[in-house]
Each structure stands twice: as C-alpha cells, then as structure tokens.
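Working notes, beginning with the structure itself.
Naming convention: chains lettered A, B, ... in sequence-line order (proteins, then strands); numbering from 1 in each chain. Quick caveat: nothing in here was measured; it's all calculated off a predicted structure.
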Protein chains: 2
Amino acid sequence: MPTFEIFRTLPEQIAARLQQDILAGQLQPGDPLREVDLSERFGVSRGPVREAFRQLVQQGLLVLEPNKGVRVAPNPSDEMRPLVVQLRRTIEVFVLESIFDRITADDIAVWDEILDDIKSACESNDLNALTDHDLRFHQAIVKSHDDRDLFTLWQPIAMRMMMQYNRLDDLMESYREHKRILDAIRAGDQWAAIEALSTNIQ
Amino acid sequence: MPTFEIFRTLPEQIAARLQQDILAGQLQPGDPLREVDLSERFGVSRGPVREAFRQLVQQGLLVLEPNKGVRVAPNPSDEMRPLVVQLRRTIEVFVLESIFDRITADDIAVWDEILDDIKSACESNDLNALTDHDLRFHQAIVKSHDDRDLFTLWQPIAMRMMMQYNRLDDLMESYREHKRILDAIRAGDQWAAIEALSTNIQ
DNA sequence: GCGCTGTAGTTTGTCGACGAAATCTGGCGC
DNA sequence: GCGCCAGATTTCGTCGACAAACTACAGCGC
C-alpha cells in the first residue's frame with residue numbers, strides 16, 4: 001500500500017507523472033519503459049502501471065509494440081505539425097465561441113491564477129514549468145465547456161504539440177500571448193480573444 | 001494493407017467486437033457493461049476485457065465512472081457535430097493532399113474491394129454492414145498515410161460521427177458518394193477527390 | 001569468418017483471488 | 001406509509017503468480 005495520499009485513481013496518478021517526465025524531456029523519444037521498473041518505483045503492482053501505459057499510448061505519448069512493451073513516442077514529424085496546429089485551433093476556438101457569453105468571474109479567476117504561474121515560469125526561465133502551466137491554461141479553457149467529451153477529443157491533439165515545445169526563443173513571449181488572450185476575454189472582445197488564441201497556437 | 005483485419009492481441013479483438021455492437025446499435029447509449037459478463041462471454045479473464053474497455057473509453061464509445069464501471073457513451077450533442085465534421089474533414093483532406101501523387105494501383109484495388117462491399121450493403125439495405133464498410137473505407141485511406149500516428153488521431157474523431165450514422169434516407173447515396181471519391185482519385189483529379197470527400201463527410 | 005540454431009534469461013500477456021467501494025435489500029423507527 | 005440505517009450482495013480495483021513471446025548469446029556447421 002502506497003504511503004502517499006490518493007487523489008485520483010492509481011493509473012491516473014502514474015500516467016500524470018509519466019506525462020510530466022515525457023514532456024519535460026526526462027524521458028526521451030525511443031526510451032523503453034518496463035512495467036516492473038515503474039511498478040517498483042511507484043510501489044504498486046504491474047496492473048495500474050499497465051493501465052497508465054495504455055492511457056498514454058492513446059494520448060500519443062507512448063507507442064506500443066505487442067509483446068515488446070512501450071517506448072516514448074517519437075516527436076511528430078514536421079509534415080504533421082500544420083495539421084495538428086489546425087486541429088487544436090479548431091477545437092479551442094470552438095470552445096471560446098460556444099462559451100464566450102457564459103464565462104463567469106470564477107472562470108477568469110482560475111485562469112488568472114494559472115497566468116500567474118506562467119509568468120513565474122517565464123521569469124525564472126523554467127521551460128519545464130512553463131510547458132506544464134501552458135498545458136494547464138488551455139486545459140482549463142477546454143474543460144470549461146459543458147461537454148466533458150470535448151476534453152478527451154482535445155487531449156491527444158494537444159499532446160502532439162506539447163511534445164515539441166520549443167517554438168519561442170524568448171519565454172516571456174509566452175506570458176504575453178496568454179495575457180493577451182485573457183485580457184481580451186475580460187474585456188468581452190470575442191474577436192480579439194480568438195485572434196490571440198490562434199496566435200498562441202502554432 | 002491486408003484486406004481483412006489482423007488482430008494481434010486479445011484486448012484488440014474484444015474491443016473490435018464491442019465497437020461493432022455499439023455502432024450497430026445492439027448496445028444502446030447508457031447501457032452498462034460488466035467485466036465478468038464479457039469475460040465469460042469471450043471465454044477470457046477480466047484483464048483483457050478491462051483493457052478493451054479502456055481503449056474504447058479513449059475512443060469515446062464508452063464512458064468510465066471510477067468504481068462504477070463503464071457505460072455506452074451518449075451520442076454526441078448536436079452542438080458538437082459541426083466541430084467533429086470539421087475535424088474529420090481536416091484530417092482526411094490532409095491525408096488525400098499529402099499522398100495523392102503517391103497512390104498506387106494496389107491502394108486503389110483495396111479501396112475498390114471495400115467499395116464493392118459498400119455497394120452490396122446499400123443494395124441489401126443493411127445499415128449495419130454499411131456503417132462497418134463505410135468505416136473501413138475511410139480507415140483504409142487514413143492508414144495509407146506513412147505516419148501511422150495519424151490514424152490514432154483520426155480514430156476517436158471518426159468514432160464520434162459513426163455513433164450517429166443516420167444521415168441518409170437513401171442508402172444507395174452512400175455508395176454513389178464513395179464511388180465519386182474513388183473515381184476522382186483514379187482519374188488523378190485531386191480537386192474533385194477532395195471535393196467528393198468533403199461532401200461525404202457531414 | 002558467417003549464418004543458423006537452440007537455449008537461457010528477460011519482459012509482456014493472462015489468469016484467479018482478495019480487498020474496497022458502490023448498490024441493493026430488508027427491517028426498524030416514526 | 002415514508003425515510004433512514006445496516007447488512008448482504010454485486011462490481012470494480014489491485015495484487016502476485018504462471019504462461020507465452022521475445023531477445024541475447026553461445027555453440028555448431030559450413
């Protein structure tokens with residue numbers, strides 16, 4: 001029995017941890033992951049680890065070869081990036097369009113907090129933290145849509161982009177982009193919000 | 001690509017079977033699925049069934065409530081359909097654009113066979129068979145792209161559409177639409193092929 | 001030297017069993 | 001009759017063990 005508090009299901013916790021490690025580059029594309037290694041590392045049996053693997057496979061972060069285990073997925077090819085960008089834009093713009101007049105002060109408060117985290121990460125030049133908070137920012141927007149199903153549709157697409165998070169030379173630019181989105185939302189300017197969102201996704 | 005599906009693993013076979021049952025409407029939205037029932041039905045243990053469940057959850061065909069099991073997912077809301085249509089069009093058009101000048105006679109031969117199946121299903125007014133072959137037709141196109149990852153990205157989106165396959169009054173129209181796509185490809189007319197594909201996806 | 005083959009060792013795939021959470025059911029108090 | 005609580009039952013979550021598939025490598029024949 002693990003000694004730490006359980007917030008979500010065991011497989012979810014494991015998947016979340018591995019996702020961090022992969023997006024942070026501590027696990028490189030091609031690296032093999034063994035079920036026993038991780039089950040020992042997390043102090044659980046192989047079952048939950050296996051389930052976490054399958055989850056991450058569906059999200060595109062791992063690739064599965066039957067009877068051979070999983071490896072960290074290769075980065076998406078350059079050819080595919082425009083497609084993935086277009087798909088992600090389509091979804092997030094759709095969300096913004098369909099909830100824009102229903103956004104509450106609470107929503108904005110949450111997003112503001114994440115924006116602060118983004119700012120901190122940019123200021124301290126911490127790329128890993130920035131990747132994490134950037135993801136959380138967009139996650140929060142997508143999840144604010146009533147239809148929770150939308151999030152499961154968005155996630156694998158967003159993951160493909162997060163795997164190669166090296167678009168900006170100046171990290172601070174990321175903070176400015178997200179601030180522009182949130183400011184536009186706060187001002188009730190839907191066009192500007194969508195414009196800023198589209199600019200941020202590329 | 002082989003003309004018939006090759007199933008490597010047990011969970012894959014189970015997932016494929018359940019997918020058929022769901023798309024054919026033999027399992028209705030909201031129906032609960034119990035692990036022991038299916039493990040007995042397929043003569044396997046609960047492990048593989050569990051894994052198949054998780055796979056179908058990620059594809060949007062099932063919904064999972066922790067500690068409560070899985071149910072057949074509700075049909076996508078009408079509000080979401082335009083989004084899903086746009087996403088699926090984006091991907092399939094992308095595939096067609098990026099492989100158009102590399103399509104071989106073998107590719108077309110495979111697609112022709114599936115088109116025949118579609119024709120048969122339309123003629124015998126068999127909606128379930130049509131759903132199945134329609135899915136196979138588009139699967140074959142998407143899978144013909146080098147990047148196998150594209151398929152995993154496409155699948156959950158396509159599934160959302162296949163769950164409500166009731167667009168046409170006259171089934172024969174489906175055959176004509178797919179024939180138009182394939183004829184355009186055969187004639188080397190990229191614009192017409194994309195146009196026909198977009199018409200088919202709605 | 002080169003390639004094949006068989007064997008040992010590693011890793012995944014599957015299974016049956018146990019414990020935990022949720023649901024159902026019946027009885028009690030009001 | 002109605003609502004609530006407790007025990008029984010069902011179902012999921014997790015585990016440890018066994019079986020099957022794959023890998024690596026040494027030995028053999030050519």
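- Within the 4.0 angstrom heavy-atom criterion, only backbone atoms of the sugar-phosphate kind lie near B:Arg54; the bases stay farther away.
- For residues 97-137 of chain B, the set of pairs meeting the ring pair (Phe, Tyr, Trp, His ring centres under 6.0 Å) definition, not counting sequence neighbours, comprises B:Phe137-B:His178.
- Looking at the side chain of B:Arg34, the nearest of the listed nucleotides C:dG16, C:dC18, D:dT11 is D:dT11.
- A:Arg46 places its CZ atom 14 Å from the P atom of C:dC15, with the value rounded to the nearest Å.
- Using a cutoff of 4.0 Å between basic side-chain nitrogens and carboxylate oxygens, B:Arg54 and B:Glu51 are not scored as salt-bridged.
- In this structure, B:Asp147 does not pair ionically with A:Arg160, as no charged nitrogen and carboxylate oxygen lie closer than 4.0 Å.
- Ionic pairing of A:Arg180 and A:Glu177 is not present here: no N-O contact between side-chain nitrogen and carboxylate oxygen is shorter than 4.0 angstrom.
- Closest to the side chain of B:Glu35, from the set D:dC12, D:dG16, C:dC15, is D:dC12.
- Of all nucleotides listed (C:dT14, D:dT14, D:dC15), D:dC15 comes nearest to the side chain of A:Val44.
- Residues from residues 60-69 of chain A that place a heavy atom under 4.0 Å from any atom of DNA chain D, listed by number: A:Asn67, A:Lys68.
- Between A:Arg81 and A:Asp78 there is no salt bridge, since no side-chain N of the basic residue sits under 4.0 Å from a carboxylate O of the acidic one.
- When the side-chain contact (heavy atoms from CB on, under 4.5 Å) test is applied to B:Glu40, no partner is found at least two apart in sequence or on another chain.
- Look at B:Arg50 and you won't find any side-chain N or O under 4.0 angstrom from OP1 or OP2 of D:dC12.
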